[in-house]
Structure formats: C-alpha cells, structure tokens
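Remarks on the structure that follows.
Residue numbering restarts at 1 for every chain, and letters A, B, ... go by the order of the sequence lines. Bear in mind that the values here come from a model prediction, so they are computed numbers and not experimental data.
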Amino acid sequence: MKQASPVYKPSEIEPKWQDCWLRNRTFKARDFDPDRPKLYVLDMFPYPSGAGLHVGHPEGYTATDIYCRYKRMRGYNVLHPMGWDAFGLPAEQYAIETGTHPRLTTEKNIENFRRQIRSFGFSYDWEREINTTDPEYYRWTQWIFLQLYRRGLAYLDEVPVNWCPALGTVLANEEVVNGRSERGNHPVVRKPMKQWMLRITEYAERLLRDLDDLDWPEGIKEMQRNWIGKSSGAEVDFEIVGHSDTIRVYTTRPDTLFGATYMVLSPEHPLLDSIVAPEAASAVREYRQQASLKSELERTELSKTKTGVFTGAYARNPVTEEEIPIWIGDYVMMGYGTGAIMAVPAHDERDFEFAKTFGLPIRCILEPEREAAAAAGLEVEQALAGEACWSGDGALINSANRRGLDLNGLPVAEAKSRTSEWLRQKGLGKAATKYKLRDWLFSRQRYWGEPFPVVYFEDGEAQILDQGELPVRLPELHDFKPSGSGESPLAKAEEWLNYTDPKTGRRGRRETHTMPQWAGSCWYYLRYIDPRNQGQAWDPAKEKYWMPVDLYVGGAEHAVLHLLYARFWHKVLFDLGLVSTPEPFARLVNQGMILGLSYRDRNQHLVPNDLVEARDGQFFHRETGEELEEFPAKMSKSLKNVVNPDEIIAQYGADAFRLYEMFMGPLQAVKPWQTKDIEGLSRFLGKVWRMLIGRDGSLAPEIDDTPLSDEPERILHATIKKVGEDCETLDFNTAISQMMIFVNHFGKAEHRPRAAMESFLKLLSPFAPHIAEELWQRLGHRESLAWEPWPECDEKKLRQSEVEILVQIMGRPKTRLMMPAEADPEQMRQLALADPEVAAAVGGKSIVKVVAVPGRLINIVAKP
RNA sequence: GCGAGAGUGGCGGAAUCGGCAGACGCGCUGGAUUUAGGUUCCAGUGGGGCAACCCGUGGGGGUUCAAAUCCCCCCUCUCGUACCA
C-alpha cells in the first residue's frame, strides 16, 4: 500500500473508493428487504452521445446521489439505477456518413458515458444497468406494443407527416424548423403516409385528472394540462343548401350561434369535393394545393393575415335559418374538433380578422359588459356596430327565433347551456368535450430503433407476432441511407424482410418502420426493478415492492413528451393489471439548466470564447479589441463555452465538482457555470482534510477525546439539524454553507473531539463521498461509512443560556444586548431600558408601545 | 397573445409562519508565512458621510411597532406554448 498522503489529493483517493464500492457491491438494492422501507430514486437516463457527458448531466445525478446516500444512512433500502437510452438519430446519421454500424458507435459512447459517470462516484446499483438497444431489453418494448395492439390502442392510419424530399425521409415535428429540416435546411412538406398510431387520446381524461394528485412542479403539470387541452362546448350540425350532407362543427361558444354569419372548413375537409360549386372548383383546388405544401408550423406561424377561398356553397344556420357562405381557410385545422367551424366574427378574434379580410358580415349578438370592455380599451358602441370584436362576457341580444330559442338578456354561461339543450331537443347537435391532444404518431422510417413485431401478408393484412417470436432483432445492414421512397432503411434487408408464418406457412413481409426513441424510455423504470428477468418484463411481486418511483429527477425539456408518454403506457399497463400503481412517478423535480459564460459585443453579437481576452476583469475581442460584455448563455459548440467534466475532475476532483454544482444555487434554478468558483469548494475540502490530517500525514494532533464545550457543541448540532433538513428538501446549497461554517470553526479549534469529527464526516459523506470515506478510514474504521446511521440532532444542545437580542427604537436597529434566553417580554423591556445607550435614545420621550419577541428582538416605540 | 417562474452587493446566492438584509462562496483591498510564484492564515469588503446618522432587496403606492417577505398598480427578464374554434 502506498504511503498515506499528507495532503489532499483527490486523484489518488477517488478511484480507490470507486473501485472499492464497485467490488464490495456497496450500493446493491435488495428486493424485499423486510427490515427497511424501500425508496426508489430515479434519474432520467441519458442518451449516450458522442460528445460525452456535459456538466448538466451530473447536476441532477449528484442531487439524487446525495439524496440516496443520505436516505441509506437513514435506514432506507434504496433502488438507484442507471442505464442508456441508446436508440436515436445521431448514431444513425453518423452511420450514414461513415458506414460505422450504429451499434458500434453506441457501444463506444456507452463505455465513455459509463466511465464518466463512474468518475463522479455515484452510488448506482450497477448490476441493474440497462440499455434500450439490447435485444433482451427491446424484446419487452415490443411485448408492450403487443399489449397495446391487443387493447386496440395501436392502429395503422394514413396521416400527413413531415416528408423531406431532399433527405428522402420523414421527420419528427421536433426535427422541422420553420418548414425546413433542422439538418441541411431542406424544405419539408406534408404528405399522407401509412403510420402506426397509439390511441393516447383514449386516456386524455385520466392523464388530465390524475395530474392533480402528483407531487410535481406546478409548471410541469400546467404544461401537460395545456397540452391535453380539454375544452367543452357543443357539436352543431349545419345542413348544406341543396345537398343531403350536413357539416358538423365544434364550438366552445354555442351561445353565439345567432352571430354565425359564415362557415370555414379546413382545406383537408373530406366533404369539400362534394359540396364545392363548379365555378369555384379551380380556386379551391389551387388553394388546397398551396395549403398542402405548407407544414403545419408554417400554417400557424404565417398567421398575420388570414387566407381562404369561397366554395360557392351555402349552409343553413340552424337557429336563424339564414343561408351562410361556406369558405375554406387554412386557419382551420383538420386535426382538431371536426375540421370545420361556424364563424362568429363579432365574438371571435380569428373570425373577425377573416371577415374583415374578405368583407363578410359581422353581426353583434352580445352586448359587452361596460366595465370589462372599458378595461380592455373597447368601446361598446363599436362592438354593437360590428366594428370591433368582443370575446368576453355580456348580455345576449338579437338572439331569438320562432322555434322556441330565446337567449336575449342572458349571460354567456347560461346562454351556452340553454343553446346546447335546445340543439339536443331538436336533434341538431349536442354538448361535447374536446381535447387538443392527438393520437401519437409512433412510426419512424429509420434503422436504429425497435422493429415492430408486425408482419404484412400478401393480401395486405397486418398481423402481430406471438410473444414467442420476440425479440424481432434488427437485421445487419451496411448501407444505412434512407431508401428515398419514404421507406425505412430496413426495406433493404431482403432476407430479414421475408417472413413465413410458422403455423400456417403464409408468406409475408415484415414491418420496416421502427419505433420512436420515446418507446424505450416509456417503461425503463420498470425494467430496473427486474433487469435480468428472461421470462417476463418484470416480476409482479418486485414491481409491487418497488413502485412507484418515489423521486424522479431530470430536465424540464421532457415536461410534456416523455413524461406524458410514460404516464400513458403506465396507465395501459395498470389497466392490464401488470403494474400496481396508476401513476409511475410520485414526485418529480426538474433540475435547472447550467449555462456557460459567454460574451457579446455592442451590437449584441455573440463572440466565441476563444476570441475573448480577459484583462483587469474586463473582456475584449482578441481581433477587434472591442470591449465585450459577459453574460450567461446556453453551452454550445459554436460559442466554445462548453465545460468538459473530465477536465474539471482532473483538476479539482469529483468531490469538488459535486459540491460546486450543488453549491451554485437551488437545484431547480438556472445557473451559470463559473469555473473560478469551484476553487472555493476545493479549498473547503482542503480545510476538511487539514482539520483531520496533520502535516506529517497522520491524524491531526488536535483530534482528541475531550468533551465538547457549549459553543462547539451547538455548532455541531446546528449542522446536524441543518444538513439533515436540507437533504430532505434537496436544498443542498444551504447544507453546504452550514458545513463550511462547521469547518471554519473546528478547523481552527485547539481541540477537535473525535466524536464530533466522525459526525461531521457522516454529514459530509453524501456530498463528498470519496474524501469522507478516506478520512473515515484514517480515523481507524474498516467498514464503509455508506451504511453508518445518520447522526441525531439533540435539540437541547442547540439552546443557549444567553442570546443576543436586537434592540430597536421606532423599528430601527439601535444596539444588541445579551439577555437570558428565557427572558420574558417584561424582563426584556427592563433589560433594554437599563442600557445607557437605549436610555439615552429614549430619554425625554414617552414610550408608546414596546414589542418584545423573546429570543429575537425588542422594539421600543417612543414619541417626543 | 396565453401559461409558468424569477428580479436582493462587482458576481453566484442566503434570509420569505413579517422580526438584525446580504449567511456561505467567488472576486477585490491590506497584512502575515514563503527565496519567489502558488498554497495557507489573519483583517476588511452594500452605498453615502472623517462622525452621530442617512439610504438601500426592479419601480410606485398601501397595511404594520416592524415588509425582500403581505395587499394593489406598473416595469423587466427567462422558460414553455401558440390561429385548438
């Protein structure tokens, strides 16, 4: 064994303890431990990119690691796993460019990620490591797809997708920016293609309702609510003049039906061809063609002026029985409601704009509330004249017909329900609820994803495979380029494509689409529970023991997609009796993004960091000499402000890195990384070291067994209390402050009682586990302190016999006096007034009032 | 537009059951140790005033003995989202 170092050298002790934990399986989670309560703490697993870990990853991972280590010492049986979300586009793109198989790229990246993550000393149970690209994992992803299919929740549909002709592939919405491909900036058009869809809409109501009971950030819950987008209103049928069909619209404002002066259909509306008048046909055809070339994003973004054309057809307003023109316009989406609207220009901003553009009639049927209108800067007379739009509340006018509907004078809410009821009685419509949420497009035309367990027979029939035929493995390929026809690269794997039904001998062709990256992450938290199970996705007994996830930490960028998809799958599994909880993640915390430091010139232009020179605390452009302003910005390759964790660990050690990231500020806050600041934490660890280790490398001579005197004892117990409380609430920044206060005191003390030192190391160990283990060992212990019981705070030791009391005169601080801690208000008053300085300040004035808060302050209110 | 969150020293941040604003750290200033640099240690560090004191938590108003914290109005920034009928 090497001679014990006299100075703190993280590079020596950190690998030593990481090996030790791994070898001894220190952090193995035990199924069904009868003696300890379970705790499941989950990190969002990373996509192992070629760039390696960035400083954002270890932020959340450090937080959960501290929490887990703390909870173990509190007697919990902790499940804390890590794995790899390893399917995805970058590895495939790299394969197209270089011919390297994505599996090789992925393996290499995982190895690098694993090395980096281990270098932080996180207390994962590595025996539960999973990888979504492992056939033994995706076997069960495919199996869950079978369950979805059998429940009727997976179906094939011809839907418009983002098709990029230049790239020869379909793109996800996230991959399309302003109607062009994110990669290469090629145009993207909408093209209908047959796709697998998942019926997430069937779960819309439960996904919405069950949010209420989750311990999640309110912002994330609100985002999911908005995404699901529940609204209630009515469906109304409009008959088409001279036509047998009717057009059904959805409206949240059935009360405004009397103001519906025209109708607008989506350009994709199926009834369009049969109703369009011959003289309008060519204009309609041209408009539809143009609309189809726009991506959905474009359609919504270029929203300044409304466009549309008249179809030449008319519908009959069911309450006024007037004939109203039917238009088409791309501000109406086929994907929401019924793809058709009744337009009430007087009371809907969008319809108002459209009506103004095309000179359509605007009829006010609602007198705005005077006060609300004034607050909105609207003149009621204008609204009444149809010159302004009012979508707020008020009293209905001009809203009665001869068929028994009279809304005049009613407020909006009552008019709504009255109209819905009238429509229902007349068979013209009914109350209805809609959601913005759409079914989940689940196909990707890619190689590097889970193959579908699906075969198409020669007659076109799609059939799912038996569980016994899983996993459907990805075939070996050498050319990963898209086929160009919109088919996946898998269409090139000829041998693999051909399928013969083992039972019937029928010949078929395998599905060439693969699943999106979300698939693997939809259920990975369940596989961690039983990661090596070959017979089933997980053992139900183990699931029951470990679920739900007690704490889930990750970035807010997954607020909607991943978290909504996973909740959806989980609910399906719950309905199938495969999991025991209706929700997967009981408590969710989002760590804030870590920004890099960047620079900009006078014109707000960003300057890459390698062009910046620092002089006397100011910053200048290396080439132009211009003074630059420092500001925090997202880390990016182009700004050259990316911080590499490997370099930081090499220089300061993992413990300092961990402490720094936690000390930066609240976990949830966005924070700028400033490498200079990490030195403060490095110094702190140096002080911890010197508090215990003397110059010669042996224990510091100040360490002895003298009993603690009052003040040091109070500091010790205050630290135990503060660190423990902060670990529960994840307020690690203030816990670290308190430990600094401890070390600032004891590091200078003549006597450093061994017991206090040991308690402190336990408090420090979740935060800086390597140095804590090393010093714990040097204090003579043989076992890891990972399972030592957490120190108990003795409240009695926190009490002081004398406390400093602030004396205020008229609410302003005057002086501070030592008083007995238990002094009551009257005693405090006497003690304060006895003080010469106070007496002088009060002298000659009459005391109006004295407010005394025992243990804190006393305020004397005096008037001349 | 809508939704969510946030504005505190030169910087990161602390203190929000109303009770000493600026804990802790970075930076900075001065000193000690060191051949020197670094390290380490000590002292100081919101602004103004030699001082008593005054001013200070985005701005304005209010409640209170007492407001960063509670109430009203306004401004700015960040994130998310966007013709959802």
| query | So what does A/S231 hit on the nucleic acid, given a heavy-atom distance under 4.0 Å: a base, only sugar-phosphate, or nothing? | reply | sugar-phosphate
| Which part of the nucleic acid does A/K676 contact within heavy-atom distance under 4.0 Å: base, sugar-phosphate only, or nothing? | sugar-phosphate
| request: Could you work out the separation of B/G10 and B/C2 based on their P atoms and round it to a whole Å? | output: 35 Å
| said: Classify A/P217 by what it touches in the nucleic acid, base, sugar-phosphate, or nothing, heavy-atom distance under 4.0 Å. | reply: nothing
| query | If we take the P atom in both B/G22 and B/G37, what is their distance in whole Å? | reply | 35 Å
| task | Describe, in one word, how the ring planes of A/F354 and A/W327 are oriented to each other, choosing from parallel (under 30°), tilted (30 to 60°) and perpendicular (over 60°). | result | perpendicular
| When the P atoms of B/G3 and B/A82 are considered, how many whole Å apart are they? | 16 Å
| field | Atom P, compared across B/G60 and B/U69: separation rounded to whole Å | value | 13 Å
| Looking only at atom C1', what distance separates B/U63 and B/A85, rounded to whole Å? | 45 Å
| For atom CD of A/E630 and atom C1' of B/G12, their distance in whole Å | 12 Å
| said: Is A/R690 close enough to B/C41 that one of its side-chain N or O atoms is under 4.0 Å from OP1 or OP2 there? | reply: yes
| said: Can you say whether a donor on the side chain of A/K306 sits under 3.5 Å from an acceptor on the base of B/C83, or the other way round? | reply: yes
| request: Would you check, one step at a time, whether the test salt bridge (charged side-chain N to carboxylate O under 4.0 Å, His left out) holds for A/R225 with A/E222? | output: CA-CA 5 Å; A/R225 286 190 193 108; A/E222 201 53 31; 2.9 Å; yes
| task | Using a heavy-atom cut-off of under 4.0 Å over every strand shown, decide if A/Q808 touches base, sugar-phosphate, or nothing. | result | base
| message | Rounded at 0.5 Å granularity, tell me how far CD1 in A/I200 sits from CG in A/L437. | response | 5.0 Å
| request: Check the distance between B/C2's P and A/N226's CG and give it to me in whole angstrom. | output: 13 Å
| message | Taking B/A67 as the reference, what is the distance to B/G58 when you measure between their P atoms (whole Å, please)? | response | 15 Å
| request: Name the nucleic acid region contacted by A/E804, choosing base, sugar-phosphate or nothing; use a 4.0 angstrom heavy-atom cut-off, strictly under. | output: base
| What is the distance from CH2 of A/W327 to P of B/C83, rounded to the nearest Å? | 21 Å
| query | So does A/R288 pair up with A/D330, basic N to acidic O under 4.0 Å? | reply | no
| said: Can you measure A/L667 atom CG to B/G5 atom C1' for me and round it to whole angstrom units? | reply: 15 Å
| said: Nearest whole Å is fine: how far is B/G12 C1' from A/L681 CG? | reply: 11 Å
| query | Within the structure shown, what part of the strands sits under 4.0 Å from A/V861 by heavy-atom distance: base, sugar-phosphate, or nothing? | reply | sugar-phosphate
| field | Check: A/D677 side chain, B/C26 base, donor-acceptor under 3.5 Å | value | no
| request: Could you tell me whether A/K814 contacts a base, only the sugar-phosphate backbone, or nothing, with contacts defined as non-hydrogen atoms closer than 4.0 Å? | output: sugar-phosphate
| remark: Per nearest nucleotide of RNA chain B, the residue lying toward the 5' end, A/A669 or A/R683, is A/A669
| message | Taking the P atom in each of B/G5 and B/C71, what is the distance between them to the nearest angstrom? | response | 14 Å
| message | So, OP1 or OP2 of B/A85: does either fall under 4.0 Å of a side-chain N or O from A/Y336? | response | yes
| When we call it a touch if two heavy atoms are under 4.0 Å apart, what does A/R816 touch: a base, just sugar-phosphate, or nothing? | base
| Touch check for A/V853, heavy atoms < 4.0 angstrom, all strands: base, sugar-phosphate only, or nothing? | base
| said: Categorize A/D351 for me: base, sugar-phosphate, or nothing, with a 4.0 angstrom heavy-atom threshold over every strand shown. | reply: nothing
| query | Atom CD1 of A/I858 and atom P of B/G19: how far apart are they, to the nearest Å? | reply | 18 Å
| said: Taking B/U8 as the reference, what is the distance to B/A68 when you measure between their P atoms (whole Å, please)? | reply: 15 Å
| For B/C55, does either OP1 or OP2 sit under 4.0 Å from a side-chain N or O belonging to A/R812? | yes
| field | Most 5' of A/E218 and A/K849 on RNA chain B, judged by nearest nucleotide | value | A/E218
| task | Taking A/T256 for its side chain and A/G259 for its backbone only, find out whether a donor-acceptor pair lies under 3.5 Å. | result | no
| Phosphate OP1/OP2 of B/C79: any A/N590 side-chain N/O under 4.0 Å | no
| query | Between A/N317 and A/Y262, does any side-chain donor sit less than 3.5 Å from a side-chain acceptor? | reply | no
| said: How many whole angstroms separate atom CG of A/L806 from atom P of B/C65? | reply: 18 Å
| Hey, is the main chain of A/N609 close enough, under 3.5 Å, to the side chain of A/N641 for a donor-acceptor pair? | no
| task | Determine the interplanar angle of the A/F742 and A/F760 rings, folded into 0 to 90°, and report it as parallel if under 30°, tilted if 30 to 60°, perpendicular if over 60°. | result | parallel
| said: Just checking A/W227 against A/Y565, ring centres under 6.0 Å apart? | reply: no
| task | Using a heavy-atom cut-off of under 4.0 Å over every strand shown, decide if A/K434 touches base, sugar-phosphate, or nothing. | result | nothing
| query | When all nucleic acid strands are considered with a 4.0 Å heavy-atom cut-off, which category describes A/I741: base, sugar-phosphate, or nothing? | reply | sugar-phosphate
| query | Checking A/N859 side chain against A/V851 main chain: does a donor-acceptor pair fall under 3.5 Å? | reply | no
| message | I need the CD1-P distance between A/I220 and B/U81, as an integer number of Å. | response | 11 Å
| Dot-bracket encoding of pairs in RNA chain B, which uses [ ] for pseudoknotted crossings and | for another strand, Watson-Crick or G-U under 3.5 angstrom | (((((((..(((......[....)))((((((.......))))))(((....)))..(((((..]....))))))))))))....
